[in-house]
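Heavy-atom basis, side chains included; hydrogens, waters and symmetry copies ignored. Numbers for residues simply follow the sequence, beginning at 1.
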Amino acid sequence: MNHYTEHEWQAYIRNQLPEKMREEYESHLYTCDDCLENYMRALDSQTDEMPTYMGEEELQAPAVKRQAVRKKSSSYRTLIHYGIAASITLMLTSSGFFAHLASYVNSMQEKQVEKKDGSFSENMMDKTLHLLDFINIQKNKGGDHK
């Protein structure tokens with residue numbers, strides 16, 4: 001059985017080997033305890049080169065700062081939107097748009113009241129009765145000619 005040295009395992013850890021060789025190293029690692037020990041030693045020697053762990057506060061600090069900036073920009077954006085809406089409202093009010101709109105709505109309501117004598121079902125009943133009366137009159141006129 002071919003064993004790999006600690007130096008070869010360091011190349012594996014640094015991802016300096018071709019993919020096919022990496023697969024061979026991995027399959028060998030599952031079956032050989034000696035190479036597993038060499039691999040573990042290579043990992044231990046690599047820990048000095050690996051980045052150190054930052055505390056939880058150090059990891060969260062950039063995210064907290066970004067969130068504070070977003071909150072400020074969101075508040076600013078909301079304030080701008082309210083300002084724009086208030087400006088448009090004042091402009092429409094001063095031009096008399098809302099007064100014209102209110103008079104238009106009132107005139108439309110008056111027209112609806114004039115058109116509406118009763119409920120929908122009452123109107124349908126009246127129309128149906130008028131239709132039946134018309135049919136009955138036509139039938140009687142046709143009967144007089146016989």
Side-chain angles (χ1 to χ4, degrees), residues 2 4 8-33 35-146:
N2 185 18
Y4 299 108
E8 291 170 317
W9 283 113
Q10 286 177 352
Y12 171 83
I13 292 168
R14 290 186 191 124
N15 202 13
Q16 296 173 339
L17 299 175
E19 188 62 33
K20 188 165 183 125
M21 284 186 74
R22 288 184 60 77
E23 290 174 7
E24 290 176 20
Y25 275 50
E26 287 173 12
S27 63
H28 182 76
L29 193 58
Y30 289 122
T31 59
C32 181
D33 290 335
C35 286
L36 181 59
E37 287 180 29
N38 285 338
Y39 175 73
M40 295 303 289
R41 279 194 297 273
L43 269 178
D44 286 339
S45 67
Q46 292 292 318
T47 56
D48 296 335
E49 297 175 16
M50 292 184 181
T52 58
Y53 170 73
M54 294 189 299
E56 190 172 325
E57 296 82 21
E58 293 171 342
L59 287 173
Q60 291 178 350
V64 170
K65 287 179 184 175
R66 280 192 305 255
Q67 187 177 13
V69 168
R70 282 185 194 145
K71 200 176 238 186
K72 287 180 184 177
S73 66
S74 175
S75 300
Y76 182 71
R77 188 177 309 133
T78 303
L79 185 62
I80 288 176
H81 289 164
Y82 278 124
I84 291 170
S87 300
I88 292 172
T89 304
L90 286 172
M91 183 179 68
L92 291 174
T93 303
S94 65
S95 69
F97 175 79
F98 290 123
H100 178 69
L101 183 65
S103 66
Y104 177 75
V105 169
N106 284 336
S107 68
M108 291 303 290
Q109 286 177 342
E110 289 172 3
K111 287 180 183 178
Q112 288 295 327
V113 170
E114 290 173 7
K115 286 183 182 178
K116 193 173 189 179
D117 295 327
S119 68
F120 176 75
S121 57
E122 287 177 359
N123 289 336
M124 286 302 292
M125 286 294 293
D126 288 340
K127 289 178 182 179
T128 305
L129 288 174
H130 289 299
L131 180 64
L132 290 174
D133 288 342
F134 178 75
I135 292 172
N136 198 11
I137 291 171
Q138 292 297 325
K139 185 178 177 185
N140 289 340
K141 282 184 181 179
D144 290 342
H145 292 295
K146 283 185 180 179

What is the distance from atom [atom1] of [X] to atom [atom2] of [Y], rounded to the nearest 0.5 Å?
X      : Y      : atom1 : atom2 : result
His100 : Tyr104 : NE2   : OH    : 8.5 Å
Tyr4   : Leu36  : OH    : CG    : 14.5 Å
Glu37  : Met40  : CD    : CE    : 10.0 Å
Asn2   : Cys32  : CG    : SG    : 9.5 Å
Leu101 : Asn106 : CG    : CG    : 10.0 Å
Asn38  : Leu43  : CG    : CG    : 11.5 Å

Side-chain heavy-atom pair Tyr12, Glu26 within 4.5 angstrom cut-off:
yes
Report yes if the side chains of Val105 and Gln109 come closer than 4.5 Å at any heavy-atom pair, otherwise no. yes
**Request:** Determine, step by step, whether Leu29 and Tyr25 satisfy the side chain to side chain contact (heavy atoms under 4.5 Å, CB included) criterion, reporting the C-alpha distance in whole Å, the side-chain angles of both residues, the deciding distance to 0.1 Å, and the verdict.
**Result:** CA-CA 6 Å; Leu29 193 58; Tyr25 275 50; over 6 Å; no
Sequence neighbours excluded, the answer for side chain to side chain donor-acceptor pair (under 3.5 Å) partners of Ser121 is Ser119
When Ile88, Leu90, Thr89 are each screened for side-chain contact (heavy atoms from CB on, under 4.5 Å) with Leu92, the one that passes is Ile88
